[in-house]
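Notes for the one structure printed next.
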Amino acid sequence: MKWEEVREIYPNQFVKFEILHLEEQNNEQIIDDVAVIGPIKEEDATKELLNSKNNTLVYHTSKDQVVVKIRKAIGLRRTI
């Protein structure tokens, strides 16, 4: 399902979904195709996001696009 469709079905609320398709641009992942798991209550959104694994996200439908910034892993050096 396209993100625009999700926004129409679940206006102005958090939704939990699985990522089906994304594009990477300028250190960002733009997600445009998702499989909706269901709406999430606002008070449960943070908990659900922290418990999400693999390709599952929680996002608010007030946003025009689902954009996730890619952070590069930074290793720490230590001398012994």
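The first residue in the sequence is number 1, and the count goes up from there.
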From K2 NZ over to D32 CG, what is the distance, rounded to the nearest 0.5 angstrom?
-> 4.5 Å
Among D64, N12, T61, the one residue meeting side chain to side chain donor-acceptor pair (under 3.5 Å) with R7 = D64
Do L49 and L57 have side-chain heavy atoms sitting under 4.5 Å apart?
-> yes
Does atom CD of E42 have more than 12 heavy-atom neighbours from other groups under 6.0 Å away?
-> no
d(K69 NZ, N26 CG) to nearest 0.5 Å is 10.5 Å
Just by modelled atom types, is the I40 backbone N or O under 3.5 Å from a matching donor or acceptor in the D44 side chain?
-> no
Interatomic distance, CD@E23 vs CD1@I31, rounded to 0.5 Å, equals 11.0 Å
Going hydrophobic residue to hydrophobic residue with side-chain gaps under 4.5 angstrom, can you get from V66 over to Y10?
-> yes
Consider only side-chain heavy atoms of I, L, V, M, F, W and Y, link residues closer than 4.5 Å, and tell whether I30 and L22 are in one cluster.
-> no
Are I19 and Q29 side-chain neighbours, meaning at least one heavy-atom pair lies under 4.5 Å?
-> no
One should read off an interatomic distance between H21 NE2 and N55 CG, to the nearest 0.5 angstrom, of 12.5 Å
Heavy-atom side-chain contact between Y59 and V34 under 4.5 Å = no
Does M1 share a hydrophobic cluster with L20, counting links as ILVMFWY side-chain heavy atoms below 4.5 Å and allowing steps through other members?
-> no
For the residue pair K41 and F14, establish whether any side-chain heavy-atom pair is separated by less than 4.5 Å.
-> no
Where S52 and V58 come nearest, the two heavy atoms and their spacing | OG-CG2, 4.2 Å
